[in-house]
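The structure appears right after this line, and notes come after that.
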Amino acid sequence: MAEERRLERLSAMLRRRGVVLPAFDIYGGVSGLIDYGPVGAAIRRRITQKWVDHWLSHGDIVEIDSPTITPEPVLVASGHVGEFNDLMTECKACGSVFRADHLVEHLHPNADSLASDAIDELLGSGIECPSCSDSAWTASLPMNLMFTTRIGAMSAGRTAYMRPETAQGMFMLYPALYRHFRQKLPFGAIQTGKGYRNEISPRQGMIRLREFNMAELEYFIDPEQPPTADLNRRSEIVMLVPDPDGPHAGEVRMGFGAALDAGIVRHPTVAWFLARTWDFLIEVGIDPARIRFRQHASTEMAHYAADCWDCEIHGEHGWIECVGIANRTCHDLESHETHSKAKGLRAWRQFAEPRSQTIERLAPNGSVIGPTFRADAGAVVAALEGLTELPDELPFDLTLADGRTVTIEPGMVERRIETANVSGEWFTPHVIEPAFGIDRIIWHVLDHAYEEAQKEGEDYTFMRLAEGISSVDCVVLPLFDKDGMPDLACEVTAAINALPHARAEMDSSKSIGRRYARADEIGVPWALTVDHTSLEDGSVTVRRRDDQVQIRAFVDEILQHLAAGTMQNLF
RNA sequence: GCGUUCAUGGUGUAGGGGUUAGCACAAGAGGUUUCCAACCUCUUAGCCCGGGUUCAAAUCCCGGUGAGCGCACCA
C-alpha cells in the first residue's frame, strides 16, 4: 500500500468505525470540534483513567474537579486576560500579522491600553510594515483566544471565560489541598477535563482543537527542598533537544539521570516528571522511538514559566507537542495572593533549629505620635516599622511612603532591642506542572498502533493497541449463527461484562474471518470463538490479535485471566 | 486570517448542462460454510449548504461551511 496516503486511510477508518468524527457533521461541521464515537469514547475514557491511576499511585497526589466556567478576575491574575487580549493587525500588502500596539508604541506612552479605534487611527498615520514597508493596515482586532461568557443575566452578569487550562482550578483549591495534606509539602493535585481555546485556525485533525481534553498535574514543592528521585536506576535512553540558546544546544540521547547530572535538565523534580511522563506514554502504547523531550528556548517560554520542556511525539503530522512540563515557580500562587488578597496561599517551612533573632526597633509611642501627626499618624507608624536602618540619634527625618518627610523627636519613639525565637517561615510554594493534551496523545496512540499489512495478498489493517486501551477487551464470536452457539456466546459475553473492568462484545454477522478482521481493525486484542466443541465441554478458542495464534481454553480460566490482565499467560 | 487544491451512499471512487448518477468495499436479510475480509440471492444508502445564470444545475458562476497543503497565528 502506498505509504503517502496513510493519513487519509487512517482518518477514513477512524470515521468509518466510529472512533473520531467531525462534530455537528449533519449541519456542515465546525472546524476544531470533534466527536468521539462509540469506539473512540471508550478508548478516551480508558486512557484518561490510566492517566489518573498513574499519578494517584504516587500517594501524595489527589484528584480534584473544578468548573470550566471561570470568573474574569481569576484569569486576570493568571495573566491569561492581559497577555492575550492583544490587538492584532495585518498588512494589506504582504499579509504579515503584527501586534498593533507594538507598531504604534513610539507614538503613545501606553499603547497596549488603547482601544481598537484609537489604535486604528494611529496606524492610519503612516506606520510602515516592518516586512514590506507598505502602510495599509486592516482594522485591528482583539486576539483573545478565550471564549467569553457571562455569569448571571443581563447587566447584572459578570464577565467570565471558558477555562483555557484546568490548572487554575488546582490553584484555587490550594488552601484545601494544604489542609488535606496536613500542611506538608510536597503534594500534588490532578484534574482531567475540557479546556477551551478559540483558535484562529484549527488544523491537523485532532491536533489543534477549540475544545479539548486536558489532564494536568500541579505539584507543589518547597523550592529549597525540591523532591528528587533516583533516576540513575532507570535504564531507558531518550532523545533530548536542549535549549538551542543554551550550552547544550543540539540533540542528545541519554538517560534521565544523566541529563540531570549534566545540567541539561535544570531541576530534579522536573527531571522526575519527565521520566514519569515517559512511563505513562509507554504504558498507553506510544512508540518509544518516536518520543523526544524538547526544552523551550527562553524566547518561546510561556509567560508564567521559568523553565519548560515539551514532550513531543512523532506521527503523521510530524513532531507534535503532547505534554508540557513547566516549572511555573511561585508565579500563580503569588499572583493570586496579590489579586485576591487571600491569605493561605503559602506553606510553612520549619527551621531545623529555631533561630534566635535579635531585632532593634523604634517602637512608636502612640500617645505622642497620634496627637502630633493626627491624620498622618498611621503613615508615620508604618514608616517607622518599615525602617531597615535605624538612625543613631534623635531627632531624625523620617521619609513617609508618599515621599513627605516628618521629624521624629525623642519621646515619640522608644528604642527597643527585642529577641524572638523564630521556628520557621512562610513562603510561597513552587509548582511543577506536567500538562497533557489527551486528544493529541490519543491521536498518536492510534497513529502508532495503526498498521497496514498484507494478509494472503490482501490489504489488512491492525490496530495494535496496548491491552486495556482498546474499546473492548474481547469479542465473542459464535462460529455459526445456529446450533445454540449464539446462546453460549451470549452467556460468555455476559460473564465477561460482569467482571469489574473487562468489556466484551458479541459479533455473529458474516464469516468468521471477516469478524476477526473487524476486531483487528479497531484494536480488540482477544477473540473468543464458540464452536461445536464449546457446546460439548465449555471450552472456546482464544485468538491473539497480534499474531493470530489460537489456543483452546475454558471460560472460567479466561475470566480469571481477563480480570487479572494476564491473558498472555494462556499462550 | 491570506493564498491554493478539493467536496458524489458508511468508506474509497467514476462521471458530468437534460443520465433509471456507475463501480468497489462496508452494512442489513436469507442461503451456504467445521476458524481468518470466500461464495450466491435480495436490500438499504449519495451529488456539502445558500444564492445566481439557464427552458433545465449534481454539473457553470458567486458566496458560505468543511477538509488537505503553504504562509501567518498556536499562551
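Residue numbering restarts at 1 for every chain, and letters A, B, ... go by the order of the sequence lines.
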Looking at A:Arg514, does any N or O in its side chain come under 4.0 Å of the phosphate oxygens OP1/OP2 on B:A38? yes
For the side chain of A:Asp520 and the backbone of A:Phe462, is there at least one donor-acceptor N/O pair under 3.5 Å apart?
no
Separation of B:C25 atom P from A:Arg16 atom CZ, nearest Å, is 14 Å
Regarding A:Gln204, tell me which of base, sugar-phosphate or nothing describes its non-hydrogen contacts under 4.0 Å with the strands shown.
sugar-phosphate
Requested in this report: Quote, to the nearest angstrom, the C1' distance that separates B:U32 from B:C39.
Outcome: 8 Å
Checklist entry - A:Ser11 near the nucleic acid: base, sugar-phosphate alone, or nothing, with a heavy-atom cut-off under 4.0 Å? => result nothing
Of B:G12, B:A37, B:C69, the nucleotide closest to the side chain of A:Thr461 is B:A37
Sorted by position of nearest nucleotide on RNA chain B, 5' first, the leading residue of A:Pro164 and A:Ala517 is A:Ala517
Practice item. Using the C1' atoms only, state how far B:C48 lies from B:A7, rounded to an integer number of Å. Key: 7 Å
Separation of B:C36 atom C1' from A:Asp531 atom CG, nearest Å, is 14 Å
Exercise for the section: Write down the distance separating the C1' atoms in B:G9 and B:A26, rounded off to the nearest Å. Expected result: 11 Å
A:Leu10 atom CG is separated from B:U11 atom P, nearest whole Å, by 15 Å
Does A:Arg543 contact B:C36 through a side-chain donor or acceptor facing the base, at a distance under 3.5 Å? yes
Practice item. Assess whether ring-ring contact (aromatic ring centres under 6.0 Å, His included) is satisfied between A:Trp526 and A:Tyr516, documenting all intermediate values. Key: CA-CA 9 Å; A:Trp526 310 106; A:Tyr516 288 141; over 10 Å; no
Picking from B:U33, B:A37, B:G66, the nucleotide nearest the side-chain atoms of A:Ser511 would be B:A37
(Q) Assess whether a salt bridge exists between A:Arg9 and A:Glu452, defined as any Lys/Arg side-chain N lying under 4.0 Å from an Asp/Glu carboxylate O. (A) yes
Donor-acceptor pair present, A:Gln548 side chain and B:C36 base, under 3.5 Å
no
In whole angstroms, the gap separating P of B:C36 from CG of A:Leu477 amounts to 13 Å
Which of B:U11, B:C36, B:U33 is nearest the side chain of A:Lys482? It is B:U33
Checklist entry - Considering only the P atoms, how many Å lie between B:U59 and B:G3, rounded to the nearest integer? => result 23 Å
Inset, instruction - Ignoring hydrogens and angles, tell me if any N or O in the side chain of A:Arg515 forms a donor-acceptor pair with the backbone of A:Asp507 under 3.5 Å. - result: yes
Identify every side-chain donor-acceptor pair in residues 23-32 of chain A under 3.5 Å, counting partners at least two apart or on other chains, and give the distances.
none

Is the phosphate of B:A67 approached by A:Ser31 (side-chain N or O, under 4.0 Å from OP1 or OP2)? yes
| request: Answer yes or no: is there a donor N or O on one side and an acceptor on the other, between the side chain of A:Gln295 and the main chain of A:Pro242, under 3.5 Å? | output: no
*With rounding to whole Å, what would you report as the distance between B:U53 and B:G12 at their C1' atoms?*
33 Å
Of the listed B:A75, B:C35, B:A37, the closest approach to the A:Glu458 side chain comes from B:A37
B:C73 OP1/OP2 closer than 4.0 Å to side-chain N/O of A:Arg197 | no
Residues A:Cys322 and A:Arg440: closest non-hydrogen pair is SG-CB, 3.8 Å
Once hydrogens and angles are ignored, does a donor-acceptor distance under 3.5 Å link the base of B:C73 to the side chain of A:Arg208? yes
To the nearest angstrom, the CD1-C1' distance between A:Ile320 and B:C74 comes to 11 Å
Open item on the list: For the C1' atoms, the ones on B:C23 and on B:U8, what distance do you get once it is rounded to whole angstrom?
Closed with: 13 Å
The ring-ring contact (aromatic ring centres under 6.0 Å, His included) partner of A:Phe273 among A:Phe280, A:Trp55, A:Trp309 is A:Trp55
Stems of at least 3 consecutive Watson-Crick or G-U wobble pairs (donor-acceptor distances under 3.5 Å) involving RNA chain B, listed by first number, are B:1-7 with B:65-71, B:10-13 with B:22-25, B:27-31 with B:39-43, B:48-52 with B:60-64
Rounded to whole Å, CG of A:Leu33 lies from P of B:U65 at a distance of 14 Å
Does A:Arg203 contact B:G70 through a side-chain donor or acceptor facing the base, at a distance under 3.5 Å?
yes
Taking for A:Arg552 and for A:Gly29 the nucleotide of RNA chain B with the nearest heavy atom, the one nearer the 5' end belongs to A:Arg552
From the candidates B:U11, B:U33, B:C69, the one with an atom nearest any side-chain atom of A:Arg15 is B:U11
Picking from B:C36, B:U11, B:G28, the nucleotide nearest the side-chain atoms of A:Ser509 would be B:G28
Exercise. For A:Tyr27, answer base if it contacts any base atom (sugar-phosphate contacts may also be present), sugar-phosphate if it contacts only those atoms, and nothing otherwise; contact means non-hydrogen atoms under 4.0 Å.
Key: nothing
With rounding to whole Å, what would you report as the distance between B:U5 and B:C42 at their P atoms? 44 Å
- Checking A:Arg292 against A:Trp319: charged group under 6.0 Å from the ring centre and within 45 degrees of the axis? yes
Subject >> Between B:U4 and B:U44 - P atom distance, rounded Å >> reply: 43 Å
For B:C35, does the base pair up with any side-chain atom of A:Thr541 as donor and acceptor (N or O, under 3.5 Å, distance only)?
yes
Winner on side-chain proximity to A:Glu199, out of B:U11, B:C74, B:C35, is B:C74
| Distance-only polar pair, side chains of A:Ser78 and A:His80, donor-acceptor under 3.5 Å | yes
Separation of B:A37 atom P from A:Ile522 atom CD1, nearest Å, is 18 Å
A:Ile512 atom CD1 is separated from B:U32 atom P, nearest whole Å, by 18 Å
